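The first residue of the sequence shown is numbered 1, and numbering continues consecutively from there. Nothing here was measured: the structure is a model prediction, and the numbers come from that model.
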Amino acid sequence: MLVLGIETTCDETAAAVVRRRRGGSGEIVSNVVLSQAAHAAYGGVVPEIAARAHVEMLDLVIAKAMVEAELSFSALDGIAAAAGPGLIGGVIVGLTTAKAIALVAEKPLIAVNHLEAHALTARLTDQTPFPYLLFLASGGHTQIVAVREVGDYVQLGTTRDDALGEAFDKAAKLLGLAYPGGPEVELEAARGEAKRFALPRPMMGRPEPDFSLSGLKTALRLEAEKIAPLSEQDVADLCAAFQDAVLDIVTDRLRAGLRVFQEHFGHPTALVIAGGVAANQEIRAAISGMASELCTPLVAPPGSLCTDNGAIIAWAGAERLARGLTDTLDTSPRARWPLQHAAPLAPPPAAEPTALPTTEMPSLQSSDTAPPQGTESHS
Ligand code: KG4
Ligand code: ZN
């Protein structure tokens, strides 16, 4: 099965063709990502500029993906686009383009949840079986999720304020580094002395696997203000201290997430990391150490598939199409689209806190992520 995937939810204009074989393995046939450079001057993504750039570049990016795949639209089995969540102008551009191709080429449309695409990437790269524990950390989202099937996600924890990538971006901005901040902070941290500053680790030790990052960001700002003006070494040391705190927070929160997962679903097949922040080598190494301590295999897709791209959209589209999940041409673009309904997790079963058949867990929160046909009722 061959699926074209289109990604335009933020500042990457991207298209890719992915093959999904009958047994469930996948292969990237082509993958074209154009990162919009115009936003760097503003220290963040400007939605209107992003949407206009998607309009200007998307046709070319799709054409390049098709040429590199040496395919015509008629050879495809489906057209997938990220239908949200994201900046609505960009989402409209990508979804409308996908609808036009689907209509003209007479192919099924698959409206993909961008978060679901990150959640399923491990199945493209490693054929990871369900159920697995997902740590999704991007610019807009920080979630610990039980992934039980395509379309069946249970959120175990999330952030109470900033997303992790957002915290990296804000830290970078306050230290005068470029956008996006994550890679810049990682680079600076590599030559910094983390122990020079004692930054807080909010939420550490708490049983619920949630995050809170605004206190860490404020503490970083206060330390920076104390020693301003900052030398290059000051910036590196502050970045190192910030990243060090993040490593402690992330590993502690994932330990809590794993405990909650085991209470409800037994042992996961793997711990999977996804989203732009998962491209950070130090974070990957820290999670890898923690996972092997806990005898849980770690699946960490390459950094280029952790940040936004069309291949993960195409793959999620293929996973849905293989299960007969397609969408009609009146499907709405969605600025907000949670991976699952937000509701508290039910208490674990009292007697035997081991794996239960999923059918016996109706009170746990899960949902199909198929977008409603022209309504916003899932938001
Ligand atoms: O998944 P993604 O490409 O786009 C969203 O859906 O948000 O994630 C982008 C986020 C940005 O906040 C960026 O600063 C962060 O991921 N990021 C990183 C690294 N590379 C990207 N954060 C920390 N370290 C990195 N190396
Ligand atoms: Zn993303």
Side-chain angles (χ1 to χ4, degrees), residues 40-44 135-142 144 157-206 209-257 271 273 275-294 298 300 303 306-307:
Y42 301 92
F135 175 46
L136 172 59
S138 67
H141 301 273
T142 303
I144 298 179
T158 188
T159 179
R160 299 188 175 178
D161 38 59
D162 292 350
L164 198 48
E166 183 184 0
F168 268 97
D169 293 337
K170 286 178 176 172
K173 194 170 183 176
L174 99 90
L175 297 175
L177 301 171
Y179 175 87
E184 299 286 323
V185 171
E186 182 178 7
L187 211 64
E188 291 292 327
R191 55 178 195 86
E193 178 46 65
K195 299 284 172 276
R196 189 175 150 199
F197 301 98
L199 297 179
R201 273 98 168 126
M203 301 292 291
M204 262 184 67
R206 297 275 284 263
D210 285 334
F211 293 78
S212 169
L213 295 153
S214 65
L216 171 60
K217 181 190 63 190
T218 305
L220 179 76
R221 180 172 55 76
L222 294 176
E223 291 292 347
E225 282 171 3
K226 266 192 235 162
I227 57 166
L230 302 178
S231 69
E232 282 185 11
Q233 193 56 48
D234 292 337
V235 171
D237 292 346
L238 285 163
C239 285
F242 174 83
Q243 189 170 273
D244 206 46
V246 167
L247 298 183
D248 286 347
I249 293 167
V250 164
T251 48
D252 179 78
R253 303 295 65 216
L254 285 177
R255 280 174 198 276
L271 167 60
I273 58 176
V277 179
N280 182 300
Q281 293 303 324
E282 292 299 316
I283 293 179
R284 290 165 86 95
I287 294 176
S288 169
M290 184 217 76
S292 59
E293 243 176 62
L294 299 177
L298 174 70
C306 286
T307 48

Minimum heavy-atom distance between P200 and G215, given as atom pair plus value: CG-O, 4.1 Å

salt_bridge(E223, R196) N-O dist < 4.0 Å: no

Side-chain touch F168/Q243, heavy atoms, less than 4.5 angstrom: yes

Side chain proximity check, C239 to V235, heavy atoms < 4.5 angstrom: yes

Closest non-hydrogen atom pair, A286 against L247: CB-CD2, 4.0 Å

For the student: nearest non-hydrogen atoms of A279 and C306, plus distance: N-CB, 4.3 Å

Exercise: identify the closest heavy-atom pair between L174 and R221: CD1-CA, 3.8 Å

R206/D252 salt bridge by N-O under 4.0 Å criterion: no

Approximate separation, where rounding is to 0.5 Å, of M203 CE and T159 OG1: 8.5 Å

Test item: D169 side-chain N/O and P180 main-chain N/O as donor-acceptor pair under 3.5 Å: no

L230 and L175, any side-chain heavy atoms less than 4.5 Å apart: yes

Heavy-atom pair of closest approach, residues E188 and A236: O-CB, 3.5 Å

Pair D162, S214: side-chain N/O donor-acceptor within cut-off below 3.5 Å: no

Distance, nearest 0.5 Å, that separates CG of L254 from CD1 of I273: 9.0 Å

Exercise: identify the closest heavy-atom pair between E186 and Q281: OE2-N, 2.8 Å

Sole residue of L220, V246, T218 in side chain to side chain contact (heavy atoms under 4.5 Å, CB included) with L199: L220

Pair F197 + F242: ring centers closer than 6.0 Å: no

Heavy-atom side-chain contact between I249 and L216 under 4.5 Å: yes

Working for side-chain contact (heavy atoms from CB on, under 4.5 Å), residues D161 and K217: CA-CA 11 Å; D161 38 59; K217 181 190 63 190; over 6 Å; no

Donor-acceptor pair, side chain of D244 and main chain of A241, under 3.5 angstrom: no

CD/E232: more than 12 non-hydrogen atoms of other groups inside 6.0 Å: no

Donor-acceptor under 3.5 Å (R201 side chain, D248 main chain): no

Between CG on residue L164 and CG on residue N280, distance to nearest 0.5 Å: 9.0 Å

Distance in Å, R284 CZ paired with L298 CG, rounded so as to fall on 0.5 Å steps: 8.0 Å

Residue pair L136 / T142, side-chain heavy-atom distance below 4.5 Å: no

Check: F211 and I144 side chains under 4.5 Å, non-hydrogen atoms: yes

Sidechain-backbone polar pair: D210 side chain, T158 backbone, donor-acceptor under 3.5 Å: yes

